[in-house]
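Some notes on the structure that comes next.
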Amino acid sequence: MDRYKMYIGGEWCEAASGAWFETENPFTGKVWAEVARGGEADAARAAEAAHKAFTTGPWPTLTATQRGALLRRVGDLIAERAEFLADCEVRDNGKLKVEMLGQLRYIPQWFYYYGGLADKIEGAVIPIDKPGVFNYTLHEPLGVCVAITAWNSPLLLATWKIAPALAAGNTVIIKPSEFTSTSALEYVKLFEEAGFPPGVVNVVTGYGPEVGQPLIEHPLVRKIAFTGSVASGERVNMAAAKGLKRISLELGGKSPNIVFADANLDNAVKGAIAGIFAASGQTCIAGSRLLLHDSIHDEFLDRLLAMAGSAKMGDPMDMGTEIGPITTRPQYQKTLDYIDIARADGATLRLGGGKATRAGCGDGWFVEPTIFSGVENGMRIAQEEVFGPILSVIRFKDDEDAIRIANDVVYGLAAGVWTQDITRALTMTKRLQAGTVWVNTYRAVSFTSPMGGYKSSGIGRVNGQEMILDYLQTKSAWIDTNPTFPSPFALR
Ligand code: NAD
């Protein structure tokens with residue numbers, strides 16, 4: 001069995017306690033590797049190593065242009081090893097190779113984009129209403145940044161944090177999910193190969209409360225970039241309040257995907273499938289509530305049932321597979337539990353509704369693509385994030401009704417709108433309470449466009465130019481050229 005050590009200060013090390021934990025392959029249901037089980041002592045060791053690299057050695061003396069070049073070099077290395085890293089991801093999280101390879105081939109763009117931005121972080125010369133004073137601003141890095149990630153897209157989520165953090169001149173500690181730690185330990189090798197000095201990028205593995213929380217609480221840590229559930233996000237936010245750490249939270253969703261009568265229905269059916277059955281529903285932006293206008297409800301549902309019912313399930317490594325297993329045992333059970341909850345609450349089961357036992361699913365943690373119609377928005381299945389392949393279909397009467405239903409959840413991560421009417425598209429975009437609104441598409445992301453949550457779906461944004469400011473602090477510099485200093489007892 002493979003064994004994965006942590007990477008701290010440029011060295012591979014076991015946990016201080018000597019403990020390990022097992023990681024399983026969701027397709028076989030079998031343990032395939034052991035990973036070092038970090039704790040408080042390891043969190044402290046990583047924080048000290050990252051702080052040392054931030055304050056001494058070559059990293060703080062590099063010019064922004066040199067930092068940018070390092071980022072672009074690691075982007076090239078990731079592009080070269082995309083297939084290897086995608087295979088690591090699939091073995092650990094069971095998502096489709098076609099999806100993970102696509103992600104790995106896209107990840108270098110974040111390093112190119114933020115590498116390019118590194119030497120374009122400009123301050124300002126500010127006109128001051130006092131004669132003889134020269135004032136300017138500098139954007140400076142924060143220090144040690146901790147990136148805590150979820151299991152659904154481990155390296156993509158890590159990259160969204162690490163690329164801007166490094167471009168800004170910080171050092172980072174990655175704490176991957178305990179369910180999918182191994183890909184980060186392969187990925188970090190490429191930073192060493194690219195020439196990042198020891199301690200600039202570290203990986204600490206283990207469970208959230210055991211090693212994640214001590215990392216957040218460590219006095220040398222200045223910023224936490226977190227992806228995970230709302231419940232963990234609230235705990236992380238509270239832990240970060242002590243010591244007044246900067247925080248960004250990418251949390252869950254219960255996103256509406258709204259189909260109007262004037263939509264291109266062929267595209268909208270595919271958009272509904274992409275929203276909930278891609279990645280077996282295990283995406284924060286899943287369009288888990290499908291809102292259908294009364295007049296097209298029955299026809300649309302029939303077409304959706306036909307397409308979802310014929311999706312190919314099986315080995316996620318097979319490039320032809322369309323629906324793979326659920327990533328973790330607890331998530332598998334949670335998904336099945338929600339099927340029972342929806343039934344008990346009176347939703348009508350139209351497709352799936354349990355474990356998938358088809359040929360090709362083996363001993364993996366597969367759940368049939370499941371569709372409930374007749375869902376009322378107040379039901380638990382419409383209000384709570386499942387993070388699995390379960391779709392709630394909800395009818396609406398008119399535009400006002402659609403907006404009311406769409407916004408009636410605690411979440412606000414994303415929304416889809418299917419219409420050919422530009423006025424309706426603009427109105428919906430404005431009135432939907434979501435950090436991302438897609439019109440006539442779904443599940444599209446880019447390194448150039450900000451993404452994040454309204455309401456309980458999070459704090460802060462990832463991607464785009466602006467968010468690099470999350471990893472910087474502004475200094476205002478005053479240079480007084482006046483020959484004399486006036487009265488010391490009055491504000492200058
Ligand atoms: P989770 O909250 O259980 O765990 C996420 C990470 O937090 C893991 O690395 C875990 O070890 C760590 N963690 C847990 N408790 C902690 C604590 N007290 N202190 C420090 N670290 C702690 O979430 P999950 O089950 O891994 O992921 C699924 C969730 O992530 C879903 O809610 C999903 O919507 C969300 N998600 C959001 C986005 C986004 O961009 N908004 C992207 C992907 C996933």
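For ligands, and for the atoms within them, numbers begin at 1 and follow the listed sequence. Source: prediction; values computed, not measured.
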Glu24: which of Arg91, Lys30, Arg329 passes side-chain hydrogen bond (donor to acceptor under 3.5 Å, both in side chains): Arg329
Per the side-chain hydrogen bond (donor to acceptor under 3.5 Å, both in side chains) rule, which among Thr448, Asn463, Thr159 passes with Trp110? Asn463
Contacts of Asp345 that satisfy side-chain contact (heavy atoms from CB on, under 4.5 Å) - sequence neighbours left out: Ile341, Met379, Arg380
Determine whether the side chains of Lys334 and Thr328 contain a donor N or O and an acceptor N or O closer than 3.5 Å. no
Phe447 ring center within less than 6.0 Å of Trp160 ring center: no
Please determine whether side chain to side chain donor-acceptor pair (under 3.5 Å) holds for the pair Ser229 and Ser232, giving the CA-CA distance in whole Å, both sets of side-chain angles, and the decisive distance to 0.1 Å. CA-CA 5 Å; Ser229 61; Ser232 303; 3.1 Å; yes
Could you pull out every N or O of ligand 1 that sits under 3.5 Å from a protein N or O, with the distance for each pair?
from     : atom 1 : to     : atom 2 : distance (Å)
ligand 1 : 2 (O)  : Ser229 : N      : 2.9
ligand 1 : 2 (O)  : Ser229 : OG     : 2.8
ligand 1 : 2 (O)  : Ser232 : OG     : 2.6
ligand 1 : 9 (O)  : Thr149 : O      : 2.7
ligand 1 : 9 (O)  : Lys175 : NZ     : 3.1
ligand 1 : 11 (O) : Lys175 : NZ     : 2.7
ligand 1 : 11 (O) : Glu178 : OE1    : 2.6
ligand 1 : 11 (O) : Gly208 : N      : 3.2
ligand 1 : 18 (N) : Gln213 : OE1    : 2.9
ligand 1 : 23 (O) : Ser229 : N      : 3.4
ligand 1 : 25 (O) : Trp151 : NE1    : 3.0
ligand 1 : 26 (O) : Trp151 : NE1    : 3.3
ligand 1 : 30 (O) : Gly228 : O      : 3.3
ligand 1 : 32 (O) : Glu385 : OE1    : 2.6
ligand 1 : 34 (O) : Glu385 : OE2    : 2.6
ligand 1 : 40 (O) : Glu250 : OE1    : 3.4
ligand 1 : 41 (N) : Leu251 : N      : 3.3
ligand 1 : 41 (N) : Leu251 : O      : 2.8

